[in-house]
Amino acid sequence: MTSTQRLAFLKGHGTENDFVIVPDPDGRLDLSATAVARICDRRAGVGGDGLLRVVRSAAHPEARAQADEAEWFMDYRNGDGSIAEMCGNGVRVFARYLLHAGLVEAGDLAIATRAGLRCVHVARTGDVTVSMGRAALSEDGVVVTVDGRSWPARNVNMGNPHAVVFVEDLAHAGELRAVPPFSPASVYPDGVNIEFVADRGPRHVAMRVHERGSGETRSCGTGACAVAVATARRDGAAPERTGAAVTYRVDVLGGSLSITELPDGTVEMTGPAEIVAEGTFDPAWLTAALA
């Protein structure tokens, strides 16, 4: 990258979980963790909870095995630059970008991620639905502690790790600026997303989340899925036991998501995804960020 080159970017969000989108179809851009963190910095960069690099699957070593089934790979990075396996809101925004850019037609498509293929239905306007795969439940839980209160957390993996805590009041989550302490730490050796959940009504909950590598965010798609799966087990509504699909409305700080778990265990997430701006990085600034 030289100071004379210009690189395009876009901003998008899904229920106010916001992302910098960087088109790099041929996989030529080397984005270090430091560069991503600078781009996502809300005061000195573009600002975002994370970064979505748009790469053809065939051009990325982590996605070539998926290239026959999905043309596009979502190279997702957390706001601190660390690599993440999956981002549910990010997949919806990624799909919305592909349609916005004329790279796909409206309808069904597959997107490659580090957590495997994700099947998406994207309409020309309105919500995007993502098939998030099956949740993996573990009996290896942790205890989360905030301001002297402690709760057991349900261990749910949606392609990335989650600890789901049920509380009476979302204020019990505290400020969520730092990772809430949990033990034993060995259950999540690579860190964890922690969701605090409060009931709002029948099949209706609200959550706050500390996202690994990003801090508290306005929304977390995989987190909302993990919350719905954990809540269904708490409520005795697990589809593998009842034989019936179950849908929860999950309110996040940035809006609401609809999460359905089917009898075969597949979890579907439906919610908004918007592209809000596009532009180019200042070449000199970007060259310094990539250095």
Side-chain angles (χ1 to χ4, degrees), residues 15 17 49-50 76 78-80 82-91 113-115 132-200 204-238 240 246 248-254 257 259 261 265 267 269:
T15 50
N17 195 189
D49 292 324
Y76 178 66
N78 294 314
D80 67 355
S82 58
I83 291 173
E85 305 92 340
M86 179 57 190
C87 177
N89 288 321
V91 170
T113 77
R114 291 186 175 88
M132 299 289 288
R134 295 176 176 84
L137 297 165
S138 171
E139 295 304 318
D140 295 330
V142 297
V143 173
V144 177
T145 301
V146 178
D147 296 335
R149 295 186 179 94
S150 295
W151 307 269
R154 185 69 192 253
N155 186 332
V156 183
N157 194 293
M158 290 300 310
N160 57 357
H162 296 269
V164 180
V165 179
F166 292 98
V167 296
E168 292 182 1
D169 189 327
L170 291 183
H172 292 168
E175 294 183 345
L176 288 184
R177 292 178 182 171
V179 181
F182 63 90
S183 63
S186 59
V187 173
Y188 297 108
D190 299 318
V192 63
N193 305 282
I194 301 178
E195 289 81 27
F196 294 85
V197 187
D199 288 304
R200 291 291 183 261
H204 182 192
V205 295
M207 62 173 263
R208 290 176 61 198
V209 58
H210 184 282
E211 281 200 66
R212 178 183 55 169
S214 297
E216 182 172 19
T217 59
R218 302 282 294 173
S219 179
C220 176
T222 55
C225 293
V227 163
V229 168
T231 306
R233 271 76 193 159
R234 184 203 64 174
D235 293 347
E240 75 268 15
V246 60
Y248 282 88
R249 172 181 168 183
V250 181
D251 293 345
V252 294
L253 296 180
L257 295 166
I259 311 297
E261 186 177 2
V267 179
M269 173 182 59

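Predicted model, so just to flag it, every value in this text is computed and none were measured.
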With sequence neighbours left out, what residues match [X] under side-chain hydrogen bond (donor to acceptor under 3.5 Å, both in side chains)?
X      : value
Asn78  : Ser82
Arg154 : none
Thr217 : Glu211
Arg114 : Glu62, Asp75

Would you list the atom pairs, donor with acceptor, under 3.5 Å between side chains in residues 161-174 and any protein atom, with sequence neighbours excluded?
{"unit_1": "His162", "atom_1": "ND1", "unit_2": "Glu195", "atom_2": "OE1", "d": "3.3"}
{"unit_1": "His162", "atom_1": "ND1", "unit_2": "Glu195", "atom_2": "OE2", "d": "2.8"}
{"unit_1": "His162", "atom_1": "NE2", "unit_2": "Asn160", "atom_2": "OD1", "d": "2.9"}
{"unit_1": "His162", "atom_1": "NE2", "unit_2": "Thr222", "atom_2": "OG1", "d": "3.1"}
{"unit_1": "Asp169", "atom_1": "OD1", "unit_2": "Ala171", "atom_2": "N", "d": "2.8"}

Between [atom1] of [X] and [atom2] of [Y], what distance do you get to the nearest 0.5 Å?
X      : Y      : atom1 : atom2 : answer
Asp49  : Cys87  : CG    : SG    : 8.5 Å
Ile194 : Leu176 : CD1   : CG    : 8.5 Å
Met86  : Cys225 : CE    : SG    : 8.0 Å
Glu85  : Asn157 : CD    : CG    : 7.5 Å

Tell me every residue that passes ring-ring contact (aromatic ring centres under 6.0 Å, His included) with Phe182, counting only those two or more places apart in sequence or in another chain.
Tyr188
Residue pairs, two or more places apart or on separate chains, that pass salt bridge (Lys or Arg N to Asp or Glu O under 4.0 Å) and touch [range]:
range            : value
residues 215-230 : Glu16-Arg218, Arg208-Glu216
residues 178-192 : none
residues 171-187 : Glu175-Arg177

Under 3.5 Å, which donor-acceptor pairs link side chains of residues 135-152 to any protein atom two or more places apart or in another chain?
{"unit_1": "Ser138", "atom_1": "OG", "unit_2": "Asp140", "atom_2": "N", "d": "3.0"}
{"unit_1": "Thr145", "atom_1": "OG1", "unit_2": "Ser150", "atom_2": "OG", "d": "2.8"}

Minimum heavy-atom separation for [X] to [Y], with atom names?
X      : Y      : result
Gly159 : Ala115 : CA-CB, 3.9 Å
Met269 : Gly88  : CE-O, 3.3 Å
Gly221 : Leu257 : CA-CD1, 4.3 Å
Gly79  : Ser214 : N-OG, 3.4 Å

Evaluate side-chain contact (heavy atoms from CB on, under 4.5 Å) for Val252 paired with Val209, printing each intermediate quantity in order.
CA-CA 9 Å; Val252 294; Val209 58; over 6 Å; no
Which donor-acceptor pairs under 3.5 Å do the side chains of residues 226-238 make with protein atoms, sequence neighbours left out?
{"unit_1": "Thr231", "atom_1": "OG1", "unit_2": "Val227", "atom_2": "O", "d": "2.6"}
{"unit_1": "Arg233", "atom_1": "NH1", "unit_2": "Val229", "atom_2": "O", "d": "3.3"}
{"unit_1": "Arg233", "atom_1": "NH1", "unit_2": "Glu261", "atom_2": "OE1", "d": "2.6"}
{"unit_1": "Arg233", "atom_1": "NH1", "unit_2": "Glu261", "atom_2": "OE2", "d": "3.2"}
{"unit_1": "Arg233", "atom_1": "NH2", "unit_2": "Glu240", "atom_2": "OE1", "d": "2.7"}
{"unit_1": "Arg233", "atom_1": "NH2", "unit_2": "Glu240", "atom_2": "OE2", "d": "3.3"}
{"unit_1": "Arg233", "atom_1": "NH2", "unit_2": "Glu261", "atom_2": "OE2", "d": "3.0"}
{"unit_1": "Arg234", "atom_1": "NH1", "unit_2": "Asp199", "atom_2": "OD1", "d": "3.4"}
{"unit_1": "Arg234", "atom_1": "NH1", "unit_2": "Asp199", "atom_2": "OD2", "d": "3.0"}
{"unit_1": "Arg234", "atom_1": "NH2", "unit_2": "Asp199", "atom_2": "OD1", "d": "2.8"}
{"unit_1": "Asp235", "atom_1": "OD2", "unit_2": "Tyr248", "atom_2": "OH", "d": "2.7"}

So, using salt bridge (Lys or Arg N to Asp or Glu O under 4.0 Å) as the criterion, who are the partners of Arg249 when residues are at least two apart?
Asp251
